[in-house]
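These notes concern the structure reproduced below.
Lettering follows sequence order; numbering is per chain, from 1.
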There are 2 protein chains.
Amino acid sequence: MSVNDVRVAIDAGGQSTKGARTRLRILDAAARVLREKGYAATRLSDIAEVAGLQTGSLAFHFRSKNELIDEVLRHGMTAGLAGVRRSVDRLGPDATPAVRIEAAVHAHLDGLAARNDYAPAVLRLVDQLPADTRRRFRPTERAYIGYWRDLLTAAREAGELPADLDTALLTRLLLGAMNANLGRADAGPRGRLSTAILFMIGLRGNGASQE
Amino acid sequence: MSVNDVRVAIDAGGQSTKGARTRLRILDAAARVLREKGYAATRLSDIAEVAGLQTGSLAFHFRSKNELIDEVLRHGMTAGLAGVRRSVDRLGPDATPAVRIEAAVHAHLDGLAARNDYAPAVLRLVDQLPADTRRRFRPTERAYIGYWRDLLTAAREAGELPADLDTALLTRLLLGAMNANLGRADAGPRGRLSTAILFMIGLRGNGASQE
DNA sequence: GTCTATAGTTGGATAGAC
DNA sequence: GTCTATCCAACTATAGAC
C-alpha cells in the first residue's frame, strides 16, 4: 500500500543479484538523504554512508550524482501516480467520482506520510532542481496533475461538483493544500485531515465535521 | 501596496548614501536571483552580475553569502507580514472577520505576484535552507502563521466559521492552497482565484462563483 | 564489487591596488 | 567603494589495487 512497495516492479528485470540489491539500497539511501537535506546539501558521501559503502563505490552503480537523483525522481513520481491509481482502481467501475476522489486523497496523503521517503523527496526536490532536470520531469508532473484534474472533471460531470467549476484551478489548490501536510500526514487522526481536504473542494456529503 | 514598498523602512536608518543604495541594489538582485534559481544554485557571481558589480565587491557590503541571504529572508518575511497586516488594518475596527480574511487573502496573493521578488524568494527558499538558518527563522514563520490562525479564530468566534473548526489545520491548508499559486497569482482574473480560496475555507457568503 | 587515493572543478572568502 | 588576483575548502569524478 505504501509508495515504496512498487519499488521492485520498477527496477529493471527484478533479478536479485547482489549488484541489483546494492543498487536498490543506494536508491533508498538517496531518497532518505534527499528528503532530509534537499538537493544541493546532499553529498554523495552522505548517501554512501547510509547505504554502508564508501563514496567511490557508488560510481560502479551510478555514473554520476545526477543520474542517481534522476532515478530517485523517476521512481518517486512513477510510484506516486501508480499508488494513487491503484487505490482508485481498487474501487471498481461502479464507484462514484466523489468516492474515487476520496480514495485518491487518502492515497496521496499516505504517500506523504513520514514512513515514506520517495514521494516526500520528490516534493522537496522539484523546486530545487537545475532547470534542465526540471524540464525533463515536467511531463511526468503534468501527468500526475492531469490525473487529478480528470477525477475532478468526472465529479463535475456527475453533478457532484458545481457545473461552472474551474477544475484546473481547483486541482492546483487541492494539491497545494494536501502537500502543505508534508511530514505531518500522521499528525492527528487521518480522517480529520482528509475530511477537511474533501470539505475544501466542496465534497461535504460524507458527514464532514465542518458542516 | 506591493511587498517591496516597505524596503526603505526596513533598511537601517534610511539614509541614501551611495553605499546604502548599492546595498539595496544588491539585496534586490539577490532576491531576484534566489527566486529564480533557489538557494544553492545561486552564485555570488550571479548576484553581482545582476547588481552590476564584480563578485569580490559584494564583500564590502555583506560579510558572507549567508549573511546576504539572511537579510533577504528577514526582509521578505517582515515585509510580507507587514503588507498583510496593513491591508487588514486599513479596514478599520468595524470590519467583520470574514472581510478581514478576504483582505488578507488578497494581500497574500498580491505578495506572490510575478512582479515581486522577496516573498516568492522566501517561499522557495524555506525548504532549502541549512538546518541552522531554518531554525533561526522559525519564530518569524510562526508569527506569520499565527496571524492567520488568529484571523480564522476570530471568524469562528463571530459565528462566521463552524464552531468546531480546527483553525490550526485549516490555516495550514489555506496557506498551502494559496502558495500553490506562486508565479501564477496574475494568471487569470484576480477575483476568481481569491473567490475560490475563500470558498475553500468555507466563506462563501460573498457570492462565490461555485455556490 | 568494493576499496583507497587522487585528480579536477567549482565557488566562496580574502588581500591589496586604485 | 570597487576592482583584480589569489587562496582555500568542498565535493564529484576517476584510476587502479584487491
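Taking atom CG of B:Leu58 as the reference point, atom P of C:dG11 lies 15 Å away to the nearest angstrom. Rounded to an integer number of Å, the gap from B:Ile69 CD1 to C:dG12 C1' is 11 Å. The interatomic distance linking A:Phe60 (CZ) with C:dT2 (P) rounds to 7 Å, in whole Å. Straight-line distance from the CZ atom of A:Phe62 to the P atom of C:dT2: 12 Å, rounded to whole Å. The distance from atom CG of A:Asn66 to atom C1' of D:dC11 is 13 Å, rounded to the nearest whole Å. Atom pair A:Leu53:CG and C:dC3:P shows a separation of 5 Å (rounding to whole Å applied). C:dG12 atom P lies 15 Å from atom CD of B:Glu67, rounded to whole Å. At whole-Å resolution of the value, CZ in B:Arg23 and P in D:dG1 are 12 Å apart.
Using the six-membered ring where Trp is involved, B:Trp148 and B:His108 have ring planes that are perpendicular, over 60° apart on the 30 and 60° scheme.
Comment: B:Asp117 engages B:Arg35 in a salt bridge, judged by a side-chain N to carboxylate O separation of less than 4.0 angstrom. Using a cutoff of 4.0 Å between basic side-chain nitrogens and carboxylate oxygens, B:Asp166 and B:Arg149 are not scored as salt-bridged.
Residue A:Thr22 is classed as a sugar-phosphate contact, given heavy-atom separations below 4.0 Å to backbone atoms only. Contact annotation for B:Gly19: backbone-only contact, meaning every heavy-atom pair under 4.0 Å involves sugar-phosphate atoms and none involves a base.
Side-chain N/O atoms of B:Ser45 include none lying less than 4.0 angstrom from OP1 or OP2 on C:dG11. For the OP1/OP2 pair of D:dT12 and a distance below 4.0 Å, the side-chain nitrogens and oxygens of A:Lys65 include at least one atom meeting the criterion. Applying the 4.0 Å criterion to OP1 and OP2 of D:dC3, one finds that B:Ser57 has a side-chain N or O inside that range.
Looking at A:Leu151 and A:Tyr147, their side chains come closer than 4.5 Å, going by heavy atoms from C-beta outward.
Out of C:dT4, C:dT2, D:dC3, the shortest distance to the side chain of A:Gln54 is found at C:dT4. Distance from the side chain of A:Ser64 is smallest for D:dA13 among the nucleotides C:dG12, C:dT2, D:dA13. Closest to the side chain of B:Leu44, from the set D:dT12, C:dA13, C:dC3, is C:dA13. Residue B:Lys18 has its side chain nearest to D:dG1 when only D:dG1, D:dT12, C:dT2 are considered.
The two residues B:Pro97 and B:Ala155 come nearest to each other via the heavy atoms CB-CA, 3.4 Å.
Between A:Arg63 and A:Arg43, it is A:Arg43 whose nearest contact on DNA chain D lies nearer the 5' terminus.
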